[in-house]
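Bear in mind the structure is a predicted one, so any value in this text is a computation, not a measurement. Chain letters run A, B, ... following the sequence lines, proteins first and then strands; every chain starts at 1.
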2 protein chains.
Amino acid sequence: MRTQVEDKLRQAISSGRFKPGQRLVERELCESIGVGRTSIREALRQLEAEGLITSYPHRGPVVSTITYEEAAQLYSVRALLESYAGKEFAENGTAQDIHTLNEAVAEFAEAAASGGGSRLIKAKTAFYDCLMQGSGNVFVKQMLTSLHNRVTLLRMTSMTQPGRLNHSVEEIKEIAAAITDRNGAKAAAACKYHIDMAAKVALDYLRKTSENDGD
Amino acid sequence: MRTQVEDKLRQAISSGRFKPGQRLVERELCESIGVGRTSIREALRQLEAEGLITSYPHRGPVVSTITYEEAAQLYSVRALLESYAGKEFAENGTAQDIHTLNEAVAEFAEAAASGGGSRLIKAKTAFYDCLMQGSGNVFVKQMLTSLHNRVTLLRMTSMTQPGRLNHSVEEIKEIAAAITDRNGAKAAAACKYHIDMAAKVALDYLRKTSENDGD
DNA sequence: TTCTTCGCTTTTGTCAGACAATCGGGTTGT
DNA sequence: ACAACCCGATTGTCTGACAAAAGCGAAGAA
């Protein structure tokens, strides 16, 4: 089914098996996944709408590249939306959602301590899923999901930076604490701080590598 | 070409020729537009990704319906994003963009005075295009475009409410004035106020009609 | 009568094959 | 060395085909 094709392609892009700028030839995808061109093309259109790939007329789709400025814009709007989500969560989230959030935070902290890579990613997405869910706004949820997918185009989760992970855990605990306290303003500030820190690390790294690319 | 099919369908939905909840049968679309099923299906997937239509497995796509709560959420996030766009525009927009914005406002005021329906819509979209353009953030632009498209699913632009139009013109002038003054906070407040007013009118109307539906 | 169950029709989801249009690169000629 | 040209590769689209599933109506049982 096409959603499975979508997921496979999405994962292939997120995991870096398809690198930004790489061309995606229909026929190759057909035989590599073992599915007809119809399904491939429809899945590609979906990913294109999500911004993960970019299609050029008669040249086909390529994995989207993201410039330094676009990355900065991405983190800006992500901070905006996640702050909003945190605030709404704190002010209007259900007790059940808060409970789930704290569990996700605990799991994330544990994963960070034990150092498991894939487990860490899973825990982080669980946390964000819960945060978006708790916001109670389906549009915010959709938009943040799309943004999160695109962040992976930057090819380095800011978590991989040494020392960043511990800070990240602390910041996330701060977010959960503010939400548990039903303190909307504090939750928003904590979310914004978290994203701004991640943005700083990511953009510094990006600037460094883009300088290398410029050589 | 499929972008033309997309535009046709989008327009058919926005103009209300396809009403929310209505089923979209592939074969009918094929013969009504005069294009193969391939193009239709790809266009439908695009619209689905934009949220204009919703597909149910083996039952096909229908024009998306939007509940009262979703409408409230839509206006909330729209206020958030447009405030941000206004603030960024005021603080970082180019003089050229500001000039274009003021021209769009003037055209909108003129269209409102002369009462031309389609001209009014065109002027309003021009204003918003300019506002989003001036924000300098491609993600905000994409998201707001998507939200604007979905607002039309509510089937009554809040502008059509009597008396609302004049207020709308004033509010938009306020936005442009704040941006021209390079006053970011004021621009954001003006944008938020504008959307909040539109939301109030739209949601009141929605509540009224949904009560009628409930009878 | 009303509820359940069965089968039929419609529509989707997917595939394979075909063909024109177009893009990029390599070749050829000067 | 440079320009024009031609050719292979790829996309965009159409057609026809078929299984699978959903909805509907009719038939049958309680």
Participant: Do you know which two heavy atoms are closest between V169(B) and A112(B), and how far apart they sit?
Facilitator: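 Of all heavy-atom pairs spanning V169(B) and A112(B), the closest is CG2-CB, 3.7 Å.
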Participant: Return the value, rounded to whole Å, for the distance between atom CG of L44(B) and atom P of dT12(C).
Facilitator: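 Checked: the CG to P distance equals 9 Å.
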Participant: Of the listed nucleotides (dG13(C), dT14(C), dT13(D)), which one gets closest to any side-chain atom of V35(A)?
Facilitator: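 Selected nucleotide: dT14(C).
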Participant: What's the separation between atom CZ in R119(A) and atom CD1 in I121(A), rounded to the nearest 0.5 Å?
Facilitator: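 So the CZ of R119(A) and the CD1 of I121(A) are separated by 13.5 Å.
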Participant: Between E48(A) (CD) and dG12(D) (C1'), how many Å, whole number?
Facilitator: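 So the two atoms are 13 Å apart, to the nearest Å.
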Participant: Between dA17(D), dA21(D), dC15(C), which nucleotide gets closest to the side-chain atoms of R37(B)?
Facilitator: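 Nearest to the side chain of R37(B) among the choices is dA17(D).
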Participant: Think R59(B) has a side-chain N or O under 4.0 angstrom from the OP1 or OP2 of dG23(D)?
Facilitator: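 Yes, R59(B) has a side-chain N/O under 4.0 Å of OP1/OP2 on dG23(D).
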Participant: Does a side-chain N or O of S39(B) approach OP1 or OP2 of dC14(D) to a distance below 4.0 Å, or not?
Facilitator: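 Result: yes.
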Participant: Hey, does the Lys NZ or Arg CZ of R59(B) hover above the aromatic six-ring of Y56(B), less than 6.0 Å from the centre and inside 45° of the axis?
Facilitator: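 Yes, a cation-pi geometry.
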Participant: In terms of side-chain heavy atoms of M1(A), which of dT11(D), dG23(D), dT14(C) is nearest?
Facilitator: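 It is dT14(C).
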Participant: Look at all strands and tell whether I40(B) reaches a base, only sugar-phosphate, or nothing, counting heavy atoms closer than 4.0 Å.
Facilitator: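 If one applies the 4.0 Å heavy-atom cut-off, I40(B) turns out to touch nothing in the nucleic acid.
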Participant: E28(A) has an atom CD; how far is it from atom C1' of dT11(D), in whole Å?
Facilitator: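 Rounded to whole Å, this separation is 14 Å.
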Participant: Kindly point out which of dG12(D), dG13(C), dC14(D) is positioned nearest to the side chain of R41(B)?
Facilitator: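 It is dG13(C).
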Participant: What is the distance, to the nearest angstrom, from the CG atom on L29(B) to the P atom on dC14(D)?
Facilitator: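 It is 13 Å, rounded to the nearest whole Å.
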Participant: Taking for each residue the nucleotide of DNA chain C with the nearest heavy atom, is it T38(B) or R23(B) whose nucleotide lies nearer the 5' end?
Facilitator: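 Nearest-nucleotide comparison on DNA chain C picks R23(B).
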Participant: Let me know the distance between CD1 of I53(B) and P of dT12(C), rounded to the nearest Å.
Facilitator: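 Rounded to the whole Å, the gap is 11 Å.
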Participant: Report which part of the nucleic acid L24(A) touches: base, sugar-phosphate, or nothing (heavy-atom distance under 4.0 Å, all strands).
Facilitator: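 Sugar-phosphate contact only - L24(A) comes under 4.0 Å of backbone atoms but never of a base.
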Participant: Distance check needed: dT14(C) C1' versus R45(A) CZ, whole Å only.
Facilitator: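 For the pair R45(A) CZ and dT14(C) C1', the rounded distance is 18 Å.
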Participant: What is the distance, to the nearest angstrom, from the NE2 atom on H58(B) to the C1' atom on dT12(C)?
Facilitator: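 Answer to the nearest Å: 6 Å.
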Participant: How long is the line joining OH of Y56(A) and C1' of dG24(C), in whole Å?
Facilitator: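 Whole-Å distance recorded here is 16 Å.
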Participant: Does NZ or CZ of R164(A) come closer than 6.0 Å to the centre of the six-membered ring of Y205(A), within 45° of the ring's axis?
Facilitator: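 Pair R164(A)/Y205(A) does not count as cation-pi.
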Participant: Does NZ or CZ of R78(A) come closer than 6.0 Å to the centre of the six-membered ring of Y128(A), within 45° of the ring's axis?
Facilitator: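 Yes, a cation-pi geometry.
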Participant: Counting only side-chain nitrogens and oxygens, does R27(B) get under 4.0 Å of the OP1 or OP2 atom of dT11(C)?
Facilitator: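 So the side-chain polar atoms of R27(B) do come within 4.0 Å of the phosphate oxygens OP1 or OP2 of dT11(C), strictly under.
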Participant: Among dT13(D), dT11(D), dT12(C), which nucleotide has an atom closest to any side-chain atom of E26(A)?
Facilitator: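 Closest nucleotide to the E26(A) side chain: dT11(D).
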